Amino acid sequence: MKKSILSVMVALTLSSTGVAIAAPIQNQASPTAIAATTKSGYGAGSQIKLSGAVNVRDLGGYRTKSGLKVKPNMLIRSAKLNTLTKHDQQVLTKQHHLAVDVDLRTPAEMKSAPDVKMSGVTYVADPVVSNKESQSNDKIFDKNGEQAMIDYYNYFVDSTQGRAAYKKLFHELLTVPKGKAVLWHCSAGKDRAGFGTALVLTALGVDKDTIYKDFLLSNKYRKQTNDAALAALKKKGASKTELKSNYYGLIVEKQYLDEAYKAANKHYGSMNGFLHKGLGLTSSDINKLRAKYLEK
């Protein structure tokens with residue numbers, strides 16, 4: 001039952017044995033520890049409730065260290081968008097003013113589950129990981145899913161492709177028309193999208209504790225789906241080793257993001273150093289981002 005890190009993410013609506021699992025989680029409130037009311041009616045960290053996608057969140061409402069707040073309806077993180085309904089599309093484009101969809105998945109993932117084309121929304125293919133690199137994860141993941149996931153986050157920082165992809169994400173954030181939203185997503189909306197979110201929040205001046213809380217919310221919003229996936233694998237006779245590896249591929253842990261911070265600290269001095277030296281963002285870019293996406 002061979003399963004790469006990325007193939008686990010691709011198949012979060014199907015088990016690795018092809019068994020259908022639960023539909024996206026709906027109607028879950030955000031933890032009160034980081035809830036904050038925004039003009040959009042969502043609390044910081046709460047889901048945008050869609051029928052055809054899960055783990056979709058408006059970052060509006062998060063506070064920065066300077067006391068400013070992320071504007072609502074401008075910055076959205078998500079899982080894959082291949083099963084959006086017409087109503088979902090209306091929610092994203094009309095209520096949240098979506099203008100740019102940045103797809104962080106591999107080319108193979110994009111081909112197997114292409115995003116729904118939304119009217120007025122520019123699609124940007126921006127793979128963080130290549131097909132070849134995805135395939136090379138198989139051997140590590142088969143032996144130790146936990147270690148494979150930790151290595152995966154190191155790759156985000158250390159690889160040329162990873163840095164180029166996140167640089168492109170920031171280009172879209174800087175150039176999207178005023179008042180319009182950018183959405184970035186991977187398959188599960190937890191790893192590539194999660195690290196991308198950590199970078200965006202860092203650039204905006206949000207504190208590290210809040211960044212980690214947002215990162216770990218994927219476990220809350222994917223719990224029903226993840227539990228069903230593991231149950232389906234168990235029913236099909238998966239071994240304890242296979243179940244354990246898949247478990248680590250389905251969740252996020254603090255140690256995953258820790259690894260990205262360690263890599264950034266080692267090579268660039270800090271995560272802010274990574275933004276400047278690794279991605280090439282200037283002080284002017286950072287100031288522009290804050291002026292564009294923050295409010296009192």
Side-chain angles (χ1 to χ4, degrees), residues 1-25 28 47 52-56 77-83 104-113 127-156 162 185-197 212 215-260:
M1 193 176 296
K2 193 171 185 180
K3 201 72 177 168
S4 71
I5 298 169
L6 289 175
S7 61
V8 168
M9 297 173 195
V10 173
L12 280 173
T13 56
L14 293 173
S15 76
S16 63
T17 52
V19 178
I21 62 175
I25 306 165
Q28 289 184 293
Q47 285 198 107
V54 71
N55 205 15
V56 186
R77 57 173 295 173
S78 178
K80 58 185 179 179
L81 304 178
N82 62 306
T83 57
L104 303 175
R105 298 176 299 168
T106 65
E109 291 172 290
M110 296 175 193
K111 183 177 180 179
S112 67
V128 174
V129 180
S130 67
N131 289 336
K132 183 178 180 180
E133 179 60 29
S134 173
Q135 293 166 359
S136 74
N137 289 327
D138 286 357
K139 291 182 180 179
I140 300 173
F141 194 77
D142 286 343
K143 295 177 181 178
N144 189 332
E146 181 180 18
Q147 186 59 53
M149 291 303 298
I150 292 171
D151 292 347
Y152 193 46
Y153 279 74
N154 188 285
Y155 178 88
F156 295 160
H185 77 92
C186 50
S187 286
K190 68 185 185 71
D191 299 304
R192 290 161 289 185
F195 181 61
T197 301
Y212 270 86
F215 175 73
L216 292 169
L217 278 175
S218 287
N219 289 334
K220 174 184 175 69
Y221 297 136
R222 295 216 63 95
K223 187 178 188 305
Q224 180 180 329
T225 301
N226 294 348
D227 288 350
L230 291 171
L233 286 169
K234 188 174 182 179
K235 185 176 180 180
K236 285 291 181 178
S239 68
K240 289 183 178 180
T241 299
E242 289 167 336
L243 287 171
K244 186 176 181 180
S245 281
N246 275 275
Y247 169 76
Y248 283 113
L250 290 166
I251 65 165
V252 289
E253 289 200 326
K254 181 179 180 294
Q255 63 175 333
Y256 298 175
L257 191 52
D258 284 346
E259 185 63 25

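This structure is a prediction, so every number in the text was calculated from the model and none was measured.
- Residues R77 and S218 meet the side-chain proximity criterion, which asks for heavy atoms closer than 4.5 Å.
- Listed by chain and residue number, nothing satisfies the side chain to side chain donor-acceptor pair (under 3.5 Å) test with Y247 (two or more places apart in sequence, or in another chain).
- Using a distance-only test at 3.5 Å, with no hydrogens or angles considered, no donor-acceptor pair links the side chain of R192 to the main chain of V128.
- For the pair T106 and S134, the tightest heavy-atom approach, listed with the atom from each and the gap, is CG2-CB, 4.2 Å.
- Separation of atoms CD (E146) and CG (D151) is listed at 10.5 Å; rounding is to 0.5 Å.
- In this structure, a donor-acceptor pair under 3.5 Å is absent between the side chains of E242 and N246.
- Rounding to the nearest 0.5 angstrom, the gap separating the OH atom in Y152 from the OH atom in Y155 is 9.0 Å.
- Between atom CG of residue L217 and atom OG1 of residue T197 there is a gap of 11.0 Å, rounded to the nearest 0.5 Å.
- Proximity of P127 to M110: side-chain heavy atoms (C-beta onward) are separated by under 4.5 Å at one or more points.
- For the pair I150 and Q147, the minimum side-chain heavy-atom distance is below 4.5 Å.
- The minimum heavy-atom distance between S78 and V56, with the atom names listed, is OG-CG2, 3.4 Å.
- Of the inter-residue distances, the one linking N82 atom CG with H185 atom NE2 reads 8.5 Å to the nearest 0.5 angstrom.
- Side-chain contact check for S130 and E133: no donor-acceptor pair (N or O, by modelled atom type) lies under 3.5 Å.
- In terms of heavy-atom proximity, K190 sits nearest to G249 at NZ-O, 2.9 Å.
- The two residues S187 and R105 come nearest to each other via the heavy atoms OG-CD, 3.4 Å.
- The list of salt bridge (Lys or Arg N to Asp or Glu O under 4.0 Å) pairs with a residue in residues 248-257, not counting sequence neighbours, reads K254-D258.
- Contact of the Y248 side chain with the Y256 side chain is registered, since non-hydrogen atoms from C-beta on lie closer than 4.5 Å.
- Put simply, NZ on K223 and CD1 on I251 are 11.5 Å apart, with the number rounded to the nearest 0.5 Å.
- Contact check for L230 versus K234: no side-chain heavy atoms found under the 4.5 Å cut-off.
- For Y153, the side chain to side chain donor-acceptor pair (under 3.5 Å) test picks out D191, with sequence neighbours left out.
- Across A193 and C186, no two heavy atoms sit closer than the pair N-SG, 3.4 Å.
- Taking 4.5 Å as the limit, some side-chain heavy atom of V54 sits within range of a side-chain heavy atom of Q47.
- Using modelled atom types, no side-chain atom of N226 and backbone atom of N219 make a donor-acceptor pair closer than 3.5 Å.
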